[in-house]
J.: 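Below: one structure in structure tokens.
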Amino acid sequence: QVQVVESGGGLVQPGGSLRLSCTASGSFLGISDMAWYRQAPGKQRELVAGITSRGSTNYADSRKDRFTISRDNAKNTVYLQMNTLKPEDTAVYYCNANIITIRNLRGHEYWGQGTQVTVSS
């Protein structure tokens, strides 16, 4: 069974920083793309940043100046470093990973349970 689990969320003051982590575990053959999404109350889920298996990254226009995505393939982990946080960054942050298994050799998307990020003074 494959699991994707996020951690690192919490309460932070405006201007502060957080680093989110997402780790895949279980029986699988590999991981291709990984990404971070977020969803604020009453709003659509939106892409924050993505990263390929080779390390190529992409960011939403409003996030790329403050957020950095990275990954450690040996640990099956993707990170999101968030700096200069603003109240509008408050949301549940979700990890998405395309994971290759024996049952699905072309990969399948797995979602984490989400981690709450609250930016407030």
Side-chain angles (χ1 to χ4, degrees):
Q1 187 175 1
V2 178
Q3 293 185 353
V4 177
V5 179
E6 306 99 332
S7 63
L11 176 64
V12 64
Q13 293 184 334
S17 299
L18 286 173
R19 190 178 78 155
L20 307 182
S21 299
C22 170
T23 300
S25 63
S27 297
F28 55 87
L29 302 179
I31 305 173
S32 57
D33 295 351
M34 304 183 79
W36 287 97
Y37 291 76
R38 71 184 186 186
Q39 187 168 23
K43 296 185 178 181
Q44 299 284 340
R45 185 173 298 186
E46 63 177 350
L47 175 69
V48 177
I51 186 168
T52 70
S53 61
R54 297 183 178 180
S56 297
T57 60
N58 66 281
Y59 299 88
D61 290 340
S62 60
R63 328 280 182 251
K64 60 184 178 182
D65 57 332
R66 299 181 293 117
F67 292 5
T68 302
I69 189 170
S70 62
R71 66 190 290 168
D72 185 337
N73 290 333
K75 297 180 179 179
N76 297 316
T77 298
V78 62
Y79 305 96
L80 184 68
Q81 179 67 47
M82 304 187 294
N83 299 321
T84 319
L85 284 163
K86 304 175 181 179
E88 51 263 46
D89 295 319
T90 296
V92 178
Y93 284 70
Y94 296 92
C95 178
N96 176 273
N98 188 272
I99 299 177
I100 297 95
T101 65
I102 294 176
R103 292 174 60 87
N104 194 337
L105 295 175
R106 298 191 64 85
H108 178 76
E109 285 192 347
Y110 289 84
W111 289 92
Q113 81 289 344
T115 184
Q116 176 71 48
V117 173
T118 302
V119 185
S120 177
S121 60

J.: Contact between Val4 and Ile99 at the side-chain level, heavy atoms closer than 4.5 Å - yes or no?
T.: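 Val4 reaches Ile99 side chain to side chain.
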J.: With rounding to the nearest 0.5 Å, note down the distance linking OG in Ser53 to CD1 in Ile31.
T.: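 One finds 10.0 Å between OG of Ser53 and CD1 of Ile31.
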J.: Kindly say whether Gly9 contributes a backbone atom to a donor-acceptor pair with the side chain of Thr115 at under 3.5 angstrom?
T.: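 Answer holds: yes.
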J.: State whether the number of non-hydrogen atoms from other residues, nucleotides or ligands found under 6.0 Å of Gln44 atom CD is greater than 12.
T.: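 Not buried by this count: 12 neighbours or fewer within 6.0 Å.
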J.: Using distance alone, with no hydrogens and no angle criterion, decide if Ser7 and Ser21 have a side-chain donor and acceptor under 3.5 Å apart.
T.: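 No - no donor-acceptor pair under 3.5 Å links their side chains.
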J.: How many angstroms lie between atom CZ of Phe67 and atom CG of Leu20, to the nearest 0.5 angstrom?
T.: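 Between Phe67 CZ and Leu20 CG, I get 8.5 Å after rounding to 0.5 Å.
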J.: After noting the C-alpha distance and the side-chain angles of His108 and Arg103, does the key distance pass the side-chain contact (heavy atoms from CB on, under 4.5 Å) rule?
T.: CA-CA 10 Å; His108 178 76; Arg103 292 174 60 87; over 6 Å; no
J.: Assess, by modelled atom type and distance only, whether the side chains of Glu6 and Gln113 contain a donor and an acceptor separated by less than 3.5 Å.
T.: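 Yes, side-chain donor-acceptor contact under 3.5 Å.
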J.: For residues Cys95 and Met34, report the shortest heavy-atom separation together with the two atoms involved.
T.: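 Where Cys95 meets Met34 most closely, the heavy atoms are SG-CE, 4.4 Å.
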J.: Mark yes or no for whether Arg71, through its side chain, and Thr77, through its backbone, hold a donor-acceptor pair below 3.5 Å.
T.: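 Looks like no, no N/O pair under 3.5 Å.
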J.: Measure from the side-chain N and O atoms of Tyr59 to the backbone N and O of Ile69, and report whether any donor-acceptor pair falls under 3.5 Å.
T.: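 Yes, the answer is positive, given that a donor and an acceptor are paired below the 3.5 Å cut-off.
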J.: Begin from the C-alpha positions of Val117 and Leu18 and carry the test side-chain contact (heavy atoms from CB on, under 4.5 Å) through to its verdict.
T.: CA-CA 9 Å; Val117 173; Leu18 286 173; 3.9 Å; yes
J.: Quick one: does any side-chain atom of Asn104 pair with a main-chain N or O of Thr101 as donor and acceptor, under 3.5 Å?
T.: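 Side chain of Asn104 to backbone of Thr101: no pair is present.
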J.: So, Ser17 versus Asn83: side-chain donor-acceptor pair below 3.5 Å or not?
T.: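 Their side chains do contain a donor-acceptor pair, which is all the 3.5 Å distance test asks for.
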J.: Can the ring centroids of Tyr37 and Trp111 be said to lie less than 6.0 angstrom from one another?
T.: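 Yes, the ring centres sit under 6.0 Å apart.
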